[in-house]
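Heads up: the structure comes next, in structure tokens.
Letters A, B, ... mirror the listed sequences (proteins, then strands); counts begin at 1. Bear in mind the structure is a predicted one, so any value in this text is a computation, not a measurement.
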Number of protein chains: 2
Amino acid sequence: MTKPSSTDRPNPLQVACSSCNLRELCLPVGFSGSELERLDGMVATRRSVKRGDALFRSGDAFEAVYAVRTGFFKTQVSSEDGRDQVTGFQMAGELLGLDGIVSDHHTCDAVALEDSQVCVIPYAELEALSREFGELQRQFHKIMSREIVRDQGVMLLLGSMRAEERLAAFLLNLTQRLQARGFSPTSLVLRMTREEIGTYLGLKLETVSRCFSRFQEDGVLEVKLKHIRILDLAALRKMVNSPC
Amino acid sequence: MTKPSSTDRPNPLQVACSSCNLRELCLPVGFSGSELERLDGMVATRRSVKRGDALFRSGDAFEAVYAVRTGFFKTQVSSEDGRDQVTGFQMAGELLGLDGIVSDHHTCDAVALEDSQVCVIPYAELEALSREFGELQRQFHKIMSREIVRDQGVMLLLGSMRAEERLAAFLLNLTQRLQARGFSPTSLVLRMTREEIGTYLGLKLETVSRCFSRFQEDGVLEVKLKHIRILDLAALRKMVNSPC
DNA sequence: CGAGCGTTTGACCGGACTCAACGCATGTGG
DNA sequence: CCACATGCGTTGAGTCCGGTCAAACGCTCG
């Protein structure tokens, strides 16, 4: 390895929120033209992360938050004895790294599940700009609050749902977010393994696999390894709301 | 009931962060005298909440965040079919209501487990003041980030721990927070029922009760209903880090 | 084409849940 | 002050869902 890491490629082209097609999903939601230009100065750099590589790891110094531009990430925390828990999956337009603010160090790993690219948002600059720019402040607070609400939902899932309900809720959440990005609401390609799904849902990979098989038997899904097609959306929705 | 609700008692006395004995645990951590005075203007009112009453409920309009001054709360979310999940327990100095920022409405219930009192921090004022006052901004971001990190820990617990480990982790977390408030690190009074503990830990109340009994048999705890004494702290710690 | 990883499926096991009964503490009203 | 009601907690017996262990299959990619 004599080449510099893949993570510091400069890529000066189009590092600008104002010309980014994700601006309706990302930090600058609802910003006007002049405001967007001020963001462009803050989001100065991109960073590429190869599949399997970490954007940051637990213990790393916290310097910036990251907006996913392309690709797909998982975040995970580990207990002292080695067990780990996937705490979320992040796709284009979603923010990574908010966990690091409290202690100046990250408390989870963010790992790319496919070759990805993120916008680097230095936290000091985000703080400064949002102090003089109320709309940015408000938007940033909303993003942190959204993360807290999302976590509440995951706790509900982990604490009170059965295996099939968890998987159904997971698939519905994924497709909903994909749909907001212009993808089909009924067909998706999983970027993560059965084990990663299981570690997210508090299940073993065999249980995840069996649930997929049962969904297929019941005509709810068509499952071809990572390719999933939802055949009966209503049934899937019903599983989440009314168990059994 | 002709008297006004207990929640709008004015209590003008000592509504001031600068003279609050919780300022080292609460929002104004690390603030100097002059800065504290500026906070005093923001935290204008108190609110009393009787045991069993809600500070806010899911769906309520979001207007303020709340700092617990005295007492004890639980927060809980409900699924559409009525199951609910306790997402946390809050004691003096901890903030409630951050979930409401994203949608202008609260997404969980906050219920007092004993007669309590909170400081009302209008969100609009918090936003404005933290814009011109960097230390407050930073502190508020840290509090939101801490909440996100805490949620990661709960996910790890719910997703990967066995019943006894969950209860051990819960007790260690409680005593640690109580110790930071000057209480004994080995003796505590639970403010919540077995069912509330279970709903927090993703267990049924019978399982919680059985775990308490087993801990007592093993000489790890002394359990007298809500009164818990930790007899073997090392054993409790060991249960969390290395299962079985 | 072969190695290795991811996935599926089966058989069995066990920890947590369910259902049920009972005990105990608290508080209320006679 | 006691009788009673009620809510909370404990304990037991039996069940079942998901975990564990194991084997085989089939992509994917050198």
Side-chain angles (χ1 to χ4, degrees), chain A residues 50-52 72 74 82-86 111 113-115 157-171 189-218 221-228 239 243-244, chain B residues 50-52 74 83-86 111 113-115 157-171 188-218 221-229 239 243-244:
Chain A
K50 284 223 178 312
R51 171 180 166 160
F72 207 87
K74 68 171 175 180
R83 287 174 297 183
D84 47 31
Q85 173 72 21
V86 171
V111 177
L113 297 182
E114 58 183 32
D115 291 356
L157 180 147
L158 290 173
S160 74
M161 291 187 179
R162 320 252 304 298
E164 292 190 5
E165 303 172 61
R166 296 185 195 192
L167 187 59
F170 169 71
L171 291 172
V189 179
L190 300 174
R191 302 301 178 184
M192 69 295 283
T193 66
R194 300 287 191 265
E195 178 163 32
E196 285 162 336
I197 297 173
T199 311
Y200 177 59
L201 298 178
L203 303 169
K204 293 294 160 184
L205 68 95
E206 295 96 327
T207 304
V208 174
S209 180
R210 273 184 252 269
C211 284
F212 271 126
S213 298
R214 200 167 317 140
F215 284 170
Q216 185 156 246
E217 284 169 27
D218 296 349
L221 296 182
E222 181 186 277
V223 182
K224 287 180 177 172
L225 293 180
K226 308 246 181 202
H227 293 258
I228 309 292
M239 305 196 63
C244 103
Chain B
K50 282 223 179 313
R51 172 180 166 159
K74 67 171 175 180
R83 286 173 298 183
D84 47 30
Q85 172 73 22
V86 172
V111 178
L113 297 183
E114 58 184 33
D115 291 356
L157 181 147
L158 290 172
S160 74
M161 291 188 180
R162 322 249 303 299
E164 293 190 4
E165 303 172 59
R166 295 185 196 193
L167 187 59
F170 169 71
L171 291 173
L188 70 159
V189 179
L190 300 174
R191 303 301 178 184
M192 68 295 283
T193 66
R194 300 288 190 264
E195 177 163 32
E196 285 162 335
I197 297 173
T199 312
Y200 177 59
L201 297 178
L203 303 169
K204 293 297 162 183
L205 68 95
E206 295 95 328
T207 304
V208 174
S209 179
R210 274 185 251 269
C211 284
F212 271 127
S213 299
R214 201 166 317 139
F215 285 171
Q216 183 155 246
E217 283 169 28
D218 298 349
L221 296 181
E222 180 187 275
V223 182
K224 286 182 178 171
L225 293 180
K226 308 246 183 201
H227 293 259
I228 308 292
R229 177 185 294 269
M239 304 197 64
C244 98

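As rounded to whole Å, 11 Å separates atom P of C/dT18 from atom CZ of B/Arg83. We find that CZ of A/Arg51 is positioned 11 Å from P of D/dT28, with the value rounded to whole Å. Distance A/Leu221 CG to C/dT7 P: 15 Å, rounded to the nearest Å. One can place CG of B/Leu225 at 11 Å from P of C/dC24, the figure rounded to the nearest angstrom. The separation between A/Phe215 atom CZ and C/dT8 atom P is 13 Å, rounded to whole Å. The separation between A/His227 atom NE2 and C/dT7 atom P is 12 Å, rounded to whole Å. Atom CG of B/Leu190 is separated from atom P of D/dT10 by 10 Å (rounded to the nearest Å). Note: CD (B/Glu206) to C1' (C/dC17) measures 8 Å, nearest angstrom.
Between A/Arg166 and the choices A/Val208, A/Leu203, A/Leu171, the side-chain contact (heavy atoms from CB on, under 4.5 Å) rule is met once, by A/Leu203.
No more than 12 heavy atoms of other residues, nucleotides or ligands lie within 6.0 Å of CD in B/Glu195, so this atom counts as exposed by the packing criterion.
Between the side chain of A/Glu195 and the base of C/dC5, no donor-acceptor pair of N or O atoms lies under 3.5 Å. No hydrogens or angles were tested; on distance alone, nothing pairs the side chain of B/Glu196 with the base of D/dC8 as donor and acceptor under 3.5 Å.
Comparing C/dT7, D/dA22, D/dT10 against the side chain of B/Ser209 picks out D/dT10 as the nearest.
For A/Gln85 (side chain) and A/Tyr200 (main-chain N/O), a donor-acceptor pair under 3.5 Å exists by modelled atom type. For B/Arg83 (side chain) and A/Met161 (main-chain N/O), no donor-acceptor pair under 3.5 Å exists by modelled atom type.
Using a 4.0 Å heavy-atom cutoff across all strands shown, B/Lys226 reaches sugar-phosphate atoms only and no base atom. Within the nucleic acid shown, B/Leu205 comes within 4.0 Å of at least one base atom, counting heavy atoms only.
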Would you tabulate the nitrogen or oxygen pairs shorter than 3.5 Å linking the protein to nucleotides 13-18 of chain D?
{"from": "D/dG18", "atom 1": "OP1", "to": "A/Ala163", "atom 2": "N", "distance (Å)": "2.7"}

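Under a 4.0 Å N-O distance rule, the pair B/Glu114/B/Arg51 does not qualify as a salt bridge.
Once rounded to the nearest 0.5 Å, the distance linking CZ of B/Arg162 with CE of B/Met239 reads 9.0 Å.
Of all non-hydrogen atoms in B/Leu157 and B/Ala169, the two that sit nearest each other are CD1-CB, 3.9 Å.
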